[in-house]
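Reading through the structure tokens given below for one structure.
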Amino acid sequence: MAAQVDGVDLWLCGHEHIELSESVTTPDGSKTYVSESGHYLNSVGLIDLNCTMDEDGSVHVDYEKTSVDYEEAQNYPKDASVTAVLDTIKAENETELNRVIGTSPVELDGVWEHIRIGQTNLGNVITDAYLLATGADIAFENAGGIRASIAAGTVTYGDVINVSPYGNYVVTKKLTGAQIKEMLESSLTIQKNCIVANDSGEWDAWPNDSGSYLQVGGITVRFDPAQPAGARVLSVQKDGQELDDTKEYTVAVNNYLAGSDSYPQLANAAEIGEYSCCEELLIQFFEQGSDAVTASAAKQNMIQTTKETEEPEQPSVPVTPSVPEQPSKEQPEAAKIEMKKEQASGTKTSVKSPKTADSNELFCWMILLLLSGGAGSICLVQGNKR
């Protein structure tokens, strides 16, 4: 950018976490200086500008930059004029920053690592604040847009500014159910990479797009991280109903996320509404009272599960029932009694049954016939024993 702009002598850069000291030629042929001094105040950049003027009135600036270690920088004497300006600004801000805007019964989690590896209760509150202000169906907040936690108890304007310091504002767009699911799939891939980085304990392992992980509101998402990319979202429900892939839903996000490269579905959609800055909407949410904060913080918008658990059971194949056996005819009461006696004694005596040629009564008749010596009786007995 410096190479395309005339009339600027010094560019001070930030947020890229790099050391940079470079002279750049501008379109009119003059020189400008671009500087950045690392990150987290590990070092402080001191720049001396030595200006000279030619006889024709042209000003030339020479730059001399010195990088000073943070601890060493503490030994530099304070500049009285700069200190006076800072004290005035702090005094003017103090009254507003200490203004109480509500209470929170619980600590609202905005820890840098936590908001990149899962949904937190602060993510719930922020997205619910967007829904309240816009009337949208769904709200998203990128993890990088959340910069601090809020302690349980009194909540001040300063607490909210710490959470949302960028001055971003909220916009709404229309997306189909299919596009929303695509965004959630991308977010889950970012989350998976962030979890790996967090488990490794190595700061450099965190992906560059870690801040693009989405905190969600207005929907309930069931997902299985064990599934392959593109198949991790198992269910997305709005008010108990599955999102319709072809239906359009109104989505509320901050204007930074609205143009994110991580979510082309969102970036390519037209804005249909524009609202106040994020911190103002968050203040309005707290002003509802602690009950609203409690209800929002307790929501479970992202539910990890398994595909097997979420799949409905397949109905069993109907089995044709077999024809039941016909019950046997009831035995005479005498036979039942005699059977019980035999079972009790352990003997194997036949129960009374329909008469056969081997019945005791017929046997008696055969004995009588034998005693009479009749040949016909002998034939009768033999015939009955075959």
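The structure presented is a predicted model; accordingly, all values stated were derived computationally and were not measured. Along the sequence shown, residues are numbered consecutively beginning with 1.
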Output yes when a side-chain donor or acceptor of [X] lies under 3.5 Å from a complementary backbone atom of [Y], and no otherwise.
{"X": "Asp244", "Y": "Thr246", "value": "yes"}
{"X": "Ser104", "Y": "Glu107", "value": "no"}
{"X": "Ser67", "Y": "Gly45", "value": "no"}
{"X": "Asn193", "Y": "Ile190", "value": "no"}
{"X": "Thr88", "Y": "Ala84", "value": "yes"}
{"X": "Asn198", "Y": "Glu113", "value": "no"}
{"X": "Thr120", "Y": "Asp109", "value": "yes"}
{"X": "Lys192", "Y": "Pro225", "value": "yes"}
{"X": "Ser200", "Y": "Ala197", "value": "yes"}
{"X": "Asp69", "Y": "Ser43", "value": "no"}

Item to check | Verdict with reasoning, Leu12 to Ile47, per side-chain contact (heavy atoms from CB on, under 4.5 Å) | outcome: CA-CA 10 Å; Leu12 298 179; Ile47 300 177; 3.9 Å; yes
Salt bridge or not for [X] and [Y], using N-O below 4.0 Å?
{"X": "Arg99", "Y": "Glu96", "value": "yes"}
{"X": "Asp245", "Y": "Lys181", "value": "yes"}
{"X": "Lys299", "Y": "Asp128", "value": "yes"}

Counting neighbours of [atom1] on [X] that are heavy atoms of other residues, nucleotides or ligands and sit closer than 6.0 Å, is the number greater than 12?
{"X": "Tyr256", "atom1": "OH", "value": "no"}
{"X": "Glu242", "atom1": "CD", "value": "yes"}
{"X": "Asp199", "atom1": "CG", "value": "yes"}
{"X": "His17", "atom1": "NE2", "value": "yes"}
{"X": "Gln227", "atom1": "CD", "value": "yes"}
{"X": "Gln74", "atom1": "CD", "value": "yes"}
{"X": "Asp28", "atom1": "CG", "value": "yes"}

Next on the checklist: So, applying side-chain hydrogen bond (donor to acceptor under 3.5 Å, both in side chains) with Lys31, which one of Asp9, Thr25, Thr26 is it?
Outcome noted: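 Checked Asp9, Thr25, Thr26 against Lys31; only one passes side-chain hydrogen bond (donor to acceptor under 3.5 Å, both in side chains): Thr25.
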Checklist entry - Does the side chain of Ile272 come within less than 4.5 Å of Lys174's, by heavy atoms? => result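 A side-chain contact exists here, since the closest heavy-atom pair is under 4.5 Å.
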How many angstroms lie between atom [atom1] of [X] and atom [atom2] of [Y], to the nearest 0.5 angstrom?
{"X": "Tyr70", "Y": "Asn42", "atom1": "OH", "atom2": "CG", "value": "10.5 Å"}
{"X": "Glu185", "Y": "Phe223", "atom1": "CD", "atom2": "CZ", "value": "11.0 Å"}
{"X": "Ile283", "Y": "Thr156", "atom1": "CD1", "atom2": "OG1", "value": "9.0 Å"}
{"X": "Ile150", "Y": "Leu122", "atom1": "CD1", "atom2": "CG", "value": "5.5 Å"}

Residues in side chain to side chain contact (heavy atoms under 4.5 Å, CB included) with [X], at least two apart?
{"X": "Glu16", "answer": "Ile18, Glu36"}
{"X": "Ala129", "answer": "Leu282, Phe285"}
{"X": "Thr83", "answer": "Lys78, Asp87"}

Next on the checklist: Walk me through whether Asn93 and Ile89 qualify under side-chain contact (heavy atoms from CB on, under 4.5 Å).
Outcome noted: CA-CA 6 Å; Asn93 288 340; Ile89 293 172; 3.6 Å; yes
Pair [X]-[Y], side-chain donor/acceptor within less than 3.5 Å:
{"X": "Thr305", "Y": "Arg222", "answer": "no"}
{"X": "Lys247", "Y": "Thr176", "answer": "no"}
{"X": "Glu141", "Y": "Asn254", "answer": "yes"}
{"X": "Gln119", "Y": "Asn124", "answer": "yes"}

Next on the checklist: side-chain contact (heavy atoms from CB on, under 4.5 Å), that's the test. Do Ile101 and Val160 meet it? Break it down for me.
Outcome noted: CA-CA 9 Å; Ile101 53 92; Val160 175; 3.9 Å; yes
Checklist entry - Would you call the rings of Tyr33 and Tyr63 parallel, tilted or perpendicular, where under 30° means parallel and over 60° means perpendicular? => result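 Tyr33 vs Tyr63 ring planes: parallel.
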